[in-house]
Amino acid sequence: MSTPTADLLAELADIGRDPVRGGYTRPGLGEAELELRAWFMEQAARRGLEVELDRNGIVWAWWLPEGSDRSGAVITGSHLDSVPGGGAYDGPLGVVSALRAFDLLREGAEFPTRPLALVVFPEEEGSRFGVPCLGSRLVTGALTPERARSLTDADGATFPEAARTAGIDPDTIGPDPERFADIHAFVELHVEQGRGLEDLGQPVAIGRSILAHGRWHVEIHGRGDHAGTTRMQDRHDPMVALADAILAVREAAEQVDEARGTVGRLRAIPGGTNVIASRADLWFDLRHRDESVVRELLARITERIRAAGEREGCTVEVHEESFSGEVRFDPQLRTRLEAALPDAPVLDTGAGHDAGVLASVIPTGMLYVRNPSGTSHAPDEGASDDDAEAGSVALATALEALMR
Ligand code: HGY
Ligand code: MN
Ligand code: MN
Ligand code: MN
């Protein structure tokens, strides 16, 4: 009898805990993520899977039927990094469910006849280097190697430096089309980041779409000076323009049905209480089903921030960090998932995933597991042990159907 899903997850409970923010802080290619990656590789090796780290830092753990090669494989997996102060399930649930589903398949009657790979993608949240789904974007060509190599984190560490510590050669990252040339299907299981299943009273759902979403980084350059000797009328204080920028995001998104606008991250430079900042940064996230609406919101917000900068005698720069259009998962694959899991409702969600990136190159689907709090990217994100197990059983059922 192999280890139940919740018990596998419990093995990760002490890795990357954040005593200050609560929850977990496991930045991409950082110590905690690498410790989790090592745990996964060991678990996969223990199951006799052939484990490899590809040139983009993606882990592939292969099970090949007797005498077969890797063509026509079904793959499943997720990510192990987290947002700052994130929950324990966002990412890791999909990874441990892949291990559990593999165990359940192997305990089954006869193991199906397609190659199977369990996969783990690095830096899905983009919390460290700013670009979400960094690994899956690199391997599919959605992010250029040059752009990836130019990225730095908040402490000034560069992506190449972090990549090297993670066993990735930054000079060889980049598109890897042959890796996906004939993958039969990819299914990612993920904790639901909302209340859909809780309200429907169901443990598992099938994904249908993901909102279009993007992220932007705003730099507001003013004039640093002394808090006590600088008259109010002589100031060029970027923090004042930043205050209006936060409201600009909120108010623009509130005016459009189903839009989402968030400012979750700020920075004042140099950041002294008795110092007028010379520069203020904010990052915002916009989402809507229709990407032209996201673009329209961006235009309105950018215009308002520039005007606020103007009033304050500051200069404003707006940099796009990432953008993805609405994802609609492969309808044929979804039909097969629905046939395999007839009780599972279909969900449209606002959260991005590596599956959303891979959907552009291979038939891709998602399964979601009920999260009673409906909260995510926060410590009280969760799933009951029974639902976590139901998710793995559903994943094993889905994989078996897809591997036939
Ligand atoms: O931000 C997202 O939508 C996902 O949780 N990475
Ligand atoms: Mn996730
Ligand atoms: Mn997330
Ligand atoms: Mn600049």
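Scope of the values below: all heavy atoms of this structure, side chains included, with no hydrogens, waters or symmetry mates. Every number for a ligand or one of its atoms is a count from 1 in the order of the listing.
Atom OE2 is the N, O or S atom of Glu125 at the shortest distance from the Mn ion (ligand 3). In terms of distance to the Mn ion (ligand 2), the nearest N, O or S atom of His79 is named NE2.
Within the 4.5 Å cutoff, the side chain of Asp169 has no heavy atoms near those of the Arg55 side chain. Between Trp63 and Arg47, the closest side-chain pair of non-hydrogen atoms is not below 4.5 Å.
The angle that His377 NE2 and Asp90 OD2 make at the Mn ion (ligand 3), rounded to 10°, works out to 90°.
Ring geometry, His217 versus Trp283: the interplanar angle falls under 30°, so the pair is classed parallel (tilted spans 30 to 60°). Ring pair Tyr368/His190 is perpendicular by interplanar angle, where above 60° counts as perpendicular and below 30° as parallel.
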Kindly list each side-chain donor-acceptor pair under 3.5 angstrom involving residues 340-348, sequence neighbours excluded, with atom names and distances?
unit_1 : atom_1 : unit_2 : atom_2 : d
Asp348 : OD1    : Arg208 : NE     : 3.0
Asp348 : OD1    : Ser209 : N      : 3.4
Asp348 : OD1    : Ser209 : OG     : 2.7
Asp348 : OD2    : Arg208 : NE     : 3.3
Asp348 : OD2    : Arg208 : NH2    : 2.8

Are there any protein N or O atoms under 3.5 Å from the N or O atoms of ligand 1? List them with distances, or say none.
unit_1   : atom_1 : unit_2 : atom_2 : d
ligand 1 : 1 (O)  : Arg287 : NH2    : 3.0
ligand 1 : 3 (O)  : Arg287 : NH1    : 2.7
ligand 1 : 3 (O)  : Arg287 : NH2    : 3.3
ligand 1 : 3 (O)  : Gly352 : N      : 2.7
ligand 1 : 5 (O)  : Gln193 : NE2    : 3.4
ligand 1 : 5 (O)  : His377 : NE2    : 2.9
ligand 1 : 6 (N)  : Glu124 : OE1    : 3.3
ligand 1 : 6 (N)  : Glu124 : OE2    : 3.0
ligand 1 : 6 (N)  : Glu125 : OE1    : 2.9

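Residue pairs that meet the salt bridge (Lys or Arg N to Asp or Glu O under 4.0 Å) test with at least one member in residues 250-273, sequence neighbours left out, are Arg250-Glu254, Glu251-Arg304, Arg267-Asp281. The salt bridge (Lys or Arg N to Asp or Glu O under 4.0 Å) contacts involving residues 328-341 comprise Glu326-Arg328, Arg334-Glu338, where partners must be two or more places apart or lie in separate chains.
Distance check for His190 against the Mn ion (ligand 2): an N/O/S atom falls below 2.8 Å.
A side-chain hydrogen bond (donor to acceptor under 3.5 Å, both in side chains) with Glu381 is found for one member of Ser82, Ser376, Ser373 and no other, namely Ser376.
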